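Scroll down for the structure; my scribbles are underneath it.
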Amino acid sequence: MGVYEIANSRTVTILWEEGGVSNQQGEITDEQWEILKLAFCGSGRIAILSDQEDKRWSYDYRFLEALRG
């Protein structure tokens, strides 16, 4: 998780429990960024709730939640 100064954009890389990795750069809202920061400063876990099909759900941060514990 970080900010790339060259592109001035936020980037998040997620390692999934089910296996695999996803990466998203840019188009992350302030609210989503705060939730991701909370998760990675705490338990390091997030929940993505999505109605998107196929692999699109892993980039759907509309209903992002930080998980405790």
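All figures in this text were calculated on a predicted structure; none of them were measured in a lab.
Among all heavy-atom pairs drawn from Y61 and I14, the shortest one is OH-CD1, 3.4 Å.
Checked for salt-bridge contact, R45 and E17 meet the test: a charged N lies under 4.0 Å from a carboxylate O.
A heavy-atom distance below 4.5 Å is not found between the side chains of L38 and E65.
Looking at S58 and W16, their side chains never bring a donor and an acceptor atom within 3.5 Å of each other.
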Please test N23 against V21 for side chain to side chain contact (heavy atoms under 4.5 Å, CB included), starting from the C-alpha separation and ending with a verdict. CA-CA 7 Å; N23 185 46; V21 176; 5.5 Å; no
Stepwise side chain to side chain contact (heavy atoms under 4.5 Å, CB included) test for L67 and I46: CA-CA 5 Å; L67 300 178; I46 60 170; 5.8 Å; no
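Looking at residues two or more places apart in sequence or on another chain, you find a side chain to side chain contact (heavy atoms under 4.5 Å, CB included) between I35 and E31, L64, A66. In this view, Q52 and S50, R56, W57, D60, R62 satisfy the side chain to side chain contact (heavy atoms under 4.5 Å, CB included) rule, not counting sequence neighbours. In terms of the side chain to side chain donor-acceptor pair (under 3.5 Å) criterion, residue partners of Q32 (sequence neighbours excluded) are, by chain and number, T29.
In this structure, R10 contributes its side chain and I28 its backbone to a donor-acceptor pair below 3.5 Å.
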